[in-house]
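Have a look at the structure below, then the notes.
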Amino acid sequence: MKELQDRILKDGVAMNEDILKVDSFINHQVDPELMLHIGQEFAAHFKDQGITKIATIESSGIAPALMTAQCMGLPLIILKKQPSKVLNDNLYQTEVTSFTKGTSYELTLSSKFISENDHVLIIDDFLANGEAATGAMRLLRKAHATIAGIGILIEKSFQPGHEKLISQGLDVYSLARIGHMEAGRIEFIE
Ligand code: 5GP
């Protein structure tokens with residue numbers, strides 16, 4: 001998606017070879033117009049697939065996931081990050097390791113909002129090692145929901161997440177794919 005790539009080149013900051021900062025337009029200050037166009041792009045790609053719900057992981061995925069949900073006329077489920085395990089029959093939980101923080105959290109979903117009849121599209125801001133997306137799928141599958149695909153704003157294609165998800169036969173649609181990055185330089189691949 002050219003609009004997102006251009007914005008990354010203009011306002012994204014490659015901190016080093018691994019971490020891209022996008023806090024001026026995606027995850028701290030948010031550009032609603034860009035998020036709307038992202039929602040429209042995902043809605044067009046994933047249309048007519050019997051999707052019943054959009055899911056994202058708090059908090060950076062919420063803005064683009066909400067716009068996608070709005071464009072598709074579907075509810076949005078926010079998978080919550082809890083610091084520790086909660087013993088409660090009405091909750092699904094699974095442990096995920098954070099790429100940016102190196103710590104773990106319990107991804108949590110109330111059984112009220114998911115069932116075996118749901119076919120879910122997962123939206124997230126970044127794809128790096130694929131831990132967040134894999135954790136989200138594990139959680140949704142605990143409720144016997146099925147996964148329609150994964151929509152990613154920025155994929156760092158030089159990290160293993162993309163390969164990990166593709167090799168499971170999943171539809172991974174990334175709007176900007178970074179092939180190489182270093183401080184002050186970002187290169188995209190198609
Ligand atoms: P993964 O689980 O695929 O390793 O990492 C994805 C999660 O880590 C995303 O939800 C995102 O919040 C965070 N993340 C991964 N790489 C970056 C990055 O380069 N910049 C920022 N801001 N967040 C990242």
Side-chain angles (χ1 to χ4, degrees), residues 1 4-31 34-35 38-39 42 54-69 76-83 93-109 120-142 147 149-189:
M1 183 184 175
L4 179 59
Q5 292 190 358
D6 289 347
R7 190 60 179 273
I8 292 168
L9 291 177
K10 180 168 164 274
D11 291 330
V13 181
M15 306 299 288
N16 50 44
E17 292 182 359
D18 288 329
I19 301 276
L20 177 67
K21 228 175 141 181
V22 290
D23 61 353
S24 65
F25 59 107
I26 293 179
N27 57 22
H28 196 355
Q29 175 172 263
V30 181
D31 180 339
L34 176 63
M35 293 304 130
I38 285 170
F42 283 138
I54 310 297
T56 192
I57 298 160
E58 67 173 353
S59 59
S60 311
I62 294 175
L66 180 63
M67 289 305 194
T68 307
L76 168 65
I77 303 174
I78 300 166
L79 307 177
K80 305 279 207 175
K81 292 175 181 170
Q82 299 259 352
Q93 281 196 313
T94 191
E95 189 178 328
V96 174
T97 304
S98 160
F99 177 87
T100 40
K101 300 193 182 82
T103 52
S104 293
Y105 55 86
E106 291 289 334
L107 204 59
T108 303
L109 167 62
V120 183
L121 169 62
I122 298 168
I123 302 285
D124 204 7
D125 58 345
F126 276 92
L127 178 59
N129 291 335
E131 288 297 319
T134 302
M137 288 194 295
R138 211 165 45 235
L139 193 64
L140 294 162
R141 284 173 176 154
K142 281 188 184 211
I147 311 300
I150 301 171
I152 297 287
L153 273 59
I154 305 172
E155 172 190 303
K156 291 179 290 176
S157 308
F158 53 90
Q159 290 167 344
H162 178 81
E163 205 41 55
K164 211 188 278 181
L165 299 178
I166 288 291
S167 67
Q168 297 170 51
L170 291 157
D171 180 6
V172 181
Y173 185 47
S174 303
L175 302 183
R177 303 185 69 202
I178 298 177
H180 178 77
M181 208 168 73
E182 57 193 58
R185 190 177 168 84
I186 297 165
E187 288 169 16
F188 295 106
I189 56 171

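The first residue in the sequence is number 1, and the count goes up from there. One-based numbering, in listed order, for ligands and for the atoms of each. Because only heavy atoms are used, hydrogens play no part in the values below, and waters and symmetry mates are left out as well, while side chains stay in.
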Taking E155 first and then R177, would you say they form a salt bridge - that is, a charged N and a carboxylate O separated by under 4.0 Å?
yes

With sequence neighbours left out, the residues meeting side-chain contact (heavy atoms from CB on, under 4.5 Å) with E131 are V96, N129, K164

Are more than 12 heavy atoms, taken from residues, nucleotides or ligands other than E163, located less than 6.0 Å from that residue's CD atom?
no

Checking Y105 now: which residues fulfil side-chain hydrogen bond (donor to acceptor under 3.5 Å, both in side chains) with it, not counting sequence neighbours?
none

Distance, nearest 0.5 Å, that separates CG of D171 from CD1 of I166
7.5 Å

Does T134 have any side-chain hydrogen bond (donor to acceptor under 3.5 Å, both in side chains) partners at least two apart in sequence or in another chain, and if so, which?
none

Which protein residues come within less than 4.0 angstrom of ligand 1, counting heavy atoms only?
D18, I19, L20, N27, F99, T100, D124, D125, F126, L127, A128, N129, G130, E131, A132, K156

